[in-house]
Colleague: 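Would you mind keeping the following structure in view while I ask a few things?
Naming convention: chains lettered A, B, ... in sequence-line order (proteins, then strands); numbering from 1 in each chain. As a basis for the values below, the full set of heavy atoms in this structure was taken, side chains included, without hydrogen atoms, waters or symmetry mates.
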2 protein chains.
Amino acid sequence: MNQRQALTSFAALSQETRLQIIRLLVVAGPEGLAAGALAEKLEVSPSNISFHLKELEHSGLIGAQRQSRSIIYTANYESLGGLIRFLMEDCCSGHPEICAPAAVVATCCTPKMEEKLQ
Amino acid sequence: MNQRQALTSFAALSQETRLQIIRLLVVAGPEGLAAGALAEKLEVSPSNISFHLKELEHSGLIGAQRQSRSIIYTANYESLGGLIRFLMEDCCSGHPEICAPAAVVATCCTPKMEEKLQ
DNA sequence: TCAATAATTAAAGGACTATTGAAATATGAA
DNA sequence: TTCATATTTCAATAGTCCTTTAATTATTGA
């Protein structure tokens, strides 16, 4: 993740519909969700969800693949992780105390680490 | 950090000059940097840096305080940490594997955790 | 092939954002 | 007070982004 990618990722996440799409796709997991399902859940028009999905796809935060008549979108976990790292590396280079609270969240996600910290 | 704050934070970070301001302020630490110093480092006009600083201040990612003739800007570590947590909590609710790589960065920032993990 | 479904693309508008240059405000020093 | 410094504010312009509607593409089944 370079600065160029981070900028487009931040731009992608700075719009309400798109941020909600990401949240839904992250929770949906590898099976993803169809464009129509997202439009229905978020109560926006098909063309509008399509517009935002294209923005997110262009940023690399999501991926798409056709499945019959539907197009299934999935969160790109590497890109999302990369963006988090980008933010954290910046703060690490200066003042690690920014990262400390994030580390707490990180440990709650990684059981193996939690065990070691007992 | 709620979704409303996250949206304005992402918008604030989605512009090159503003992202660079944040990076400079994070590295600068609690002493911060004057508006003029930032303008000089980033080679933008005083009025332009002022515009972007106001955007960042409005988002809560930075703070300001006058010191003699200069206005000193500092990174708001709590907001930055909160934004990182916001991104990570979303992924935790779904698929923790996003957080795992971030946790590696987090440990490099928190020496105490690194010791425990030995 | 024809109709239905799922989604995208295109065009037009209105709204917001960024940049520039000039004028205004605030502070400190002579 | 007057001048210089540091920064902000204002107004105008250009550019970008979001939404809407209508038209188009792709796929499936009768």
Colleague: Is A:Ala39 touching bases, backbone alone, or none of the nucleic acid, heavy atoms closer than 4.0 Å?
Modeller: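 Nothing, no heavy atom under 4.0 Å.
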Colleague: Quick one: does A:Ser59's side chain have a donor or acceptor within less than 3.5 Å of a partner on A:Leu61's backbone?
Modeller: yes
Colleague: Kindly check if the number of other-residue, nucleotide or ligand heavy atoms within 6.0 Å of CD (B:Glu40) is above 12?
Modeller: no
Colleague: What's the separation between atom OG in B:Ser9 and atom CG in B:Leu87, rounded to the nearest 0.5 Å?
Modeller: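 So the OG of B:Ser9 and the CG of B:Leu87 are separated by 10.0 Å.
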Colleague: Could you check how far CG of A:Leu33 sits from P of C:dA6, rounded to whole Å?
Modeller: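 Distance, rounded to whole Å: 15 Å.
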Colleague: Answer yes or no: is there a side-chain heavy-atom contact under 4.5 Å between B:Val26 and B:Leu80?
Modeller: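 Touching, per the 4.5 Å side-chain cut-off.
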Colleague: Can you confirm whether B:Leu42 sits close enough to B:Ile49 that some side-chain heavy atom of one is under 4.5 Å from a side-chain heavy atom of the other?
Modeller: yes
Colleague: Could you check how far CD of B:Glu57 sits from C1' of D:dT7, rounded to whole Å?
Modeller: 13 Å
Colleague: Any sub-3.5 Å donor-acceptor pair from A:Asn76's side-chain atoms to A:Gly63's backbone N or O?
Modeller: no
Colleague: Protein-nucleotides 12-19 of chain D N/O pairs closer than 3.5 Å?
Modeller:
residue, atom, partner, partner atom, Å
D:dC18, OP1, A:Arg18, NH1, 3.4
D:dC18, OP1, A:Arg18, NH2, 3.0
D:dC18, OP2, A:Arg18, NH1, 3.2
D:dT19, OP2, A:Asn48, ND2, 3.3
D:dT19, OP2, A:His52, NE2, 2.6

Colleague: What parts of residues 58-74 of chain B reach DNA chain C, counting only heavy atoms under 4.0 Å away?
Modeller: B:Arg66, B:Ser68, B:Arg69
Colleague: Any non-hydrogen side-chain atom of B:His52 less than 4.5 Å from a side-chain atom of B:Asn48?
Modeller: yes
Colleague: Can you check whether A:Pro46's main-chain N or O pairs, donor with acceptor, with A:Ser50's side chain at less than 3.5 Å?
Modeller: no
Colleague: Starting at CG of B:Leu53 and ending at P of D:dT9, how long is that distance when rounded to a whole Å?
Modeller: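 About 11 Å, once rounded to whole Å.
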Colleague: So, do A:Ile21 and A:Leu33 sit near enough that their side-chain heavy atoms are less than 4.5 Å apart?
Modeller: no
Colleague: Does OP1 or OP2 of D:dT7 have a side-chain N or O of B:Lys54 closer than 4.0 Å?
Modeller: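 For D:dT7, OP1/OP2 do not have a side-chain N/O of B:Lys54 under 4.0 Å.
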Colleague: Assign a letter to each nucleotide of nucleotides 11-16 of chain C from its 5' end: B, base within under 4.0 Å of a protein heavy atom; S, sugar-phosphate only; -, no contact.
Modeller: ------
Colleague: Please determine whether any donor N or O and acceptor N or O are separated by less than 3.5 Å between the side chain of B:Ser45 and the base of C:dG21.
Modeller: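 Checked by distance alone, the answer is no.
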Colleague: Any side-chain heavy atom of B:Leu53 sitting closer than 4.5 Å to one from B:Phe51?
Modeller: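 Not touching, per the 4.5 Å side-chain cut-off.
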Colleague: With a 4.5 Å cut-off on side-chain heavy atoms, are B:Gln65 and B:Ile71 touching?
Modeller: no
Colleague: Taking atom P of D:dT8 as reference, at what distance in whole Å does atom CG of B:Leu56 sit?
Modeller: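 So the CG-P distance, B:Leu56 to D:dT8, works out to 12 Å.
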